[in-house]
2 protein chains.
Amino acid sequence: MVEQGGGASGAGCMGCPLRQRSEWCVLNEEETRFLSRHLKKRRYRAGETIFSAGEPSHGVYCVASGTAAIRKGNAEGNTVLLRLAYPGDTLGYRGLLLGENRRYGAEALGPSKVCFVDRAVVKLLLERNPALGQQFLRRIARDMDEAHDHLVRNATLSNRDKFIHLLRALMNRHGRTATDGGHFMELPLSRRDLASMIGARHETLSRIIGRLEEDGIARFSGRTVYVARSHWLLNDSRPPTLLD
Amino acid sequence: MVEQGGGASGAGCMGCPLRQRSEWCVLNEEETRFLSRHLKKRRYRAGETIFSAGEPSHGVYCVASGTAAIRKGNAEGNTVLLRLAYPGDTLGYRGLLLGENRRYGAEALGPSKVCFVDRAVVKLLLERNPALGQQFLRRIARDMDEAHDHLVRNATLSNRDKFIHLLRALMNRHGRTATDGGHFMELPLSRRDLASMIGARHETLSRIIGRLEEDGIARFSGRTVYVARSHWLLNDSRPPTLLD
DNA sequence: TGGGTTAATTGACGATGGTCAAATTTTGAA
DNA sequence: TTCAAAATTTGACCATCGTCAATTAACCCA
């Protein structure tokens with residue numbers, strides 16, 4: 001399952017369409033070839049674990065295709081889905097920087113390819129090209145912002161509004177515009193995971209979904225969601241849009 | 001109000017007792033003197049703004065004494081207290097790294113002294129001493145962890161338990177052990193701010209406090225809190241401690 | 001394809017939280 | 001000290017949420 005040099009395609013990282021979007025874009029041709037030779041690309045099936053909380057950090061992971069879920073649990077054994085990672089995203093830099101064990105786990109949500117870069121390789125590249133360090137700094141700073149925004153939303157919004165926000169965010173990544181201007185999406189997450197992301201029980205989420213359907217804001221069928229164009233642009237949505 | 005070279009004490013950063021605890025501890029004597037000459041130390045009175053959301057980032061701030069509150073608002077104008085900063089903590093590195101405007105504001109909670117380090121000075125020191133960059137990386141990574149922990153707590157705990165956790169955290173910084181083994185603390189925050197930290201309304205917090213008193217877990221009088229020794233060690237505290 | 005397992009929905013009900021409003025306390029400035 | 005503004009507490013009331021339990025639907029593997 002593990003391939004060297006960037007996969008069977010043979011092009012390695014140089015030809016990787018993600019290079020533009022990831023931290024590694026600042027590497028020159030030689031450095032990219034070096035990275036290419038030393039990373040391990042691996043396929044994951046849906047639900048497979050990429051790394052787990054508690055284990056030592058041997059390197060970073062870069063999502064090549066598919067979607068990964070970042071999960072973190074608390075002392076009581078509850079588990080929360082913190083965020084999703086998409087192609088181009090680099091995971092697990094925290095443990096590497098701090099030399100600590102992983103504090104959260106990552107798993108593939110669907111069939112995915114993820115490249116592993118050993119700490120030694122990262123270290124070497126960081127020393128060779130300071131711009132890479134800058135890139136990581138910017139990445140962390142952005143993640144930090146995201147986490148803070150998340151905190152503020154959780155503290156100020158109702159579960160209903162948190163879920164609408166989440167739907168919107170997921171739609172940006174997973175949705176397609178329908179011919180009528182509405183939006184379709186195949187949800188990448190179970191109800192349980194969706195619920196954990198907004199800090200609610202899955203029963204509560206079921207009821208929120210029920211209310212969104214009653215209010216005509218969205219239609220849910222299994223993991224398929226449809227949101228009408230008219231409801232999509234609303235910044236937020238209090239009751240059935242009091243002004244209709 | 002603005003002093004050069006680390007304050008009237010004359011010793012500058014070299015004699016600053018925080019040097020050990022802050023990111024700057026990796027600077028050598030010469031670099032520390034350079035920092036000392038170029039930072040601006042300023043006194044803030046209770047409630048004074050250190051910097052505000054939306055304004056450009058001209059440098060970083062280092063808390064020398066007192067306590068600073070990090071606040072962030074959302075679109076609806078609600079404001080949330082994200083965390084507190086203590087002597088040795090460096091604030092505002094995010095905007096500097098990303099070259100963006102501040103996304104949150106900082107204010108002094110009580111009489112405080114805060115040193116300002118201009119971006120040019122930071123940049124120069126970063127180039128001169130790569131270990132400083134490492135320090136900042138570690139600091140960001142830790143802040144990230146803290147934010148993630150906060151997210152998980154908010155998603156899994158009841159308001160009551162979130163508040164107990166907050167009390168515990170504040171006690172670590174602001175509390176003193178009483179002769180009977182209980183703990184006293186002068187709360188550094190208003191009820192409103194405490195409430196915003198756990199994502200609840202201030203009325204709700206009042207009621208939570210009332211219940212904690214009924215249950216004999218803590219006694220509140222204005223900003224003074226007392227927690228009995230017997231209740232302090234409990235990991236969490238469900239109802240009146242069902243096992244007493 | 002069948003059967004067992006997990007996921008999701010729904011109902012009931014008590015607990016908790018938000019909102020509005022009023023009373024009370026504290027605080028800060030004159 | 002005194003007064004006005006701000007903070008805090010409390011009550012009433014209703015909406016929302018968590019929990020337990022019972023279905024129903026979806027899924028996966030043999």
Side-chain angles (χ1 to χ4, degrees), chain A residues 45-48 69 74 76-81 109-111 154-164 186-215 218-225 236-240 242, chain B residues 45-48 69 76-81 108-111 154-164 186-215 218-225 236-240 242:
Chain A
R45 282 169 303 177
E48 247 185 304
N74 69 359
E76 283 80 42
N78 306 303
T79 186
V80 168
L81 209 164
L109 275 182
N154 282 353
T156 58
L157 298 182
S158 67
N159 278 345
R160 178 192 167 111
D161 286 349
K162 280 188 257 180
F163 181 56
I164 289 177
E186 199 65 18
L187 282 169
L189 298 171
S190 70
R191 304 284 145 116
R192 284 186 119 86
D193 280 341
L194 290 170
S196 87
M197 287 190 88
I198 61 170
R201 303 282 135 163
H202 61 283
E203 298 99 322
T204 299
L205 181 65
S206 268
R207 293 186 172 106
I208 290 172
I209 287 176
R211 263 175 276 155
L212 289 183
E213 295 205 299
E214 279 178 28
D215 298 349
R219 292 205 334 259
F220 293 77
S221 170
R223 289 201 172 190
T224 304
V225 194
D236 256 336
S237 73
R238 291 285 62 222
L242 289 166
Chain B
R45 282 170 302 177
E48 248 186 303
E76 283 81 41
N78 305 304
T79 188
V80 169
L81 209 164
L109 275 182
N154 282 352
T156 57
L157 267 40
S158 66
N159 278 344
R160 178 192 166 111
D161 286 348
K162 279 187 257 179
F163 181 56
I164 289 176
E186 199 65 19
L187 283 169
L189 298 171
S190 70
R191 304 285 145 116
R192 284 187 120 85
D193 280 339
L194 290 170
S196 87
M197 287 190 88
I198 61 171
R201 303 282 135 164
H202 61 283
E203 297 99 321
T204 299
L205 181 64
S206 268
R207 293 187 172 105
I208 289 173
I209 287 176
R211 261 178 276 155
L212 289 183
E213 296 206 300
E214 279 179 29
D215 298 348
R219 292 206 332 261
F220 294 77
S221 169
R223 290 201 174 189
T224 304
V225 195
D236 256 337
S237 76
R238 290 285 64 220
L242 288 164

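Just so we're on the same page: letters track the sequence lines, and every chain starts at 1. This structure is a prediction, so every number in the text was calculated from the model and none was measured.
Atom CG in B/L157 sits about 18 Å away from atom P in D/dC17, given to the nearest Å. Spacing between atom CZ of B/R223 and atom P of C/dT26 amounts to 13 Å, rounded to whole angstrom units. Between A/L187 atom CG and D/dA26 atom C1' there is a gap of 15 Å when expressed in whole angstrom units. Atoms NZ (A/K162) and C1' (C/dG18) sit 14 Å apart, rounded to a whole Å. Look at CD1 on B/I208: it is 9 Å from C1' on C/dG17, rounded to the nearest Å. Summarising the geometry, the separation between NE2 on B/H202 and C1' on D/dG11 is reported as 14 Å, rounded to the nearest angstrom. Distance CG (A/D161) to P (D/dA15): 17 Å, rounded to an integer number of Å. As rounded to whole Å, 11 Å separates atom P of C/dT16 from atom CD of B/E214.
Judged purely by atom type and a 3.5 angstrom limit, A/S190 uses its side chain to pair as donor or acceptor with the backbone of A/D193.
Atom CG in B/L157 sits 8.5 Å away from atom CG in B/N154 (nearest 0.5 Å). Atom CG of B/L81 sits about 5.0 Å away from atom OG of B/S196, to the nearest 0.5 Å. Note that CD of A/E76 and CG of B/D161 are 7.5 Å apart. Values are rounded to the nearest 0.5 Å.
For B/R211 and C/dG17, the shortest distance from a side-chain N or O to OP1 or OP2 is below 4.0 Å. Taking side-chain N and O atoms only, B/N159 has no distance below 4.0 Å to OP1 or OP2 of C/dT16.
For A/R45, the CZ atom counts as loosely surrounded, since its 6.0 Å shell holds 12 or fewer non-hydrogen atoms of other residues, nucleotides or ligands. Residue B/R219 qualifies as open at atom CZ: its count of foreign heavy atoms under 6.0 Å is 12 or below.
At a threshold of 4.0 angstrom between heavy atoms, the contacts of B/R192 include nucleobase atoms, whether or not backbone atoms are also involved.
Minimum heavy-atom separation, B/A46 to B/L109: CB-O, 3.8 Å.
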Under 3.5 Å, which donor-acceptor pairs link side chains of residues 197-213 of chain B to any protein atom two or more places apart or in another chain?
unit_1: B/E213; atom_1: OE2; unit_2: B/F220; atom_2: N; d: 2.6

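Annotation: side chain of A/N74 is not in contact with side chain of A/V80 (no heavy-atom distance under 4.5 Å).
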Is there any protein nitrogen or oxygen under 3.5 Å from a nitrogen or oxygen in nucleotides 19-25 of chain C, and what are the pairs?
unit_1: C/dT19; atom_1: OP2; unit_2: B/R201; atom_2: NE; d: 3.4
unit_1: C/dT19; atom_1: OP2; unit_2: B/R201; atom_2: NH1; d: 3.3
unit_1: C/dT19; atom_1: O4; unit_2: B/R207; atom_2: NH1; d: 3.3
unit_1: C/dC20; atom_1: N4; unit_2: B/E203; atom_2: OE2; d: 3.4

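End-to-end axis angle for the helix from C/dT1-D/dA30 to C/dA30-D/dT1, using five pairs per end and rounding to 10°, comes out at 60°.
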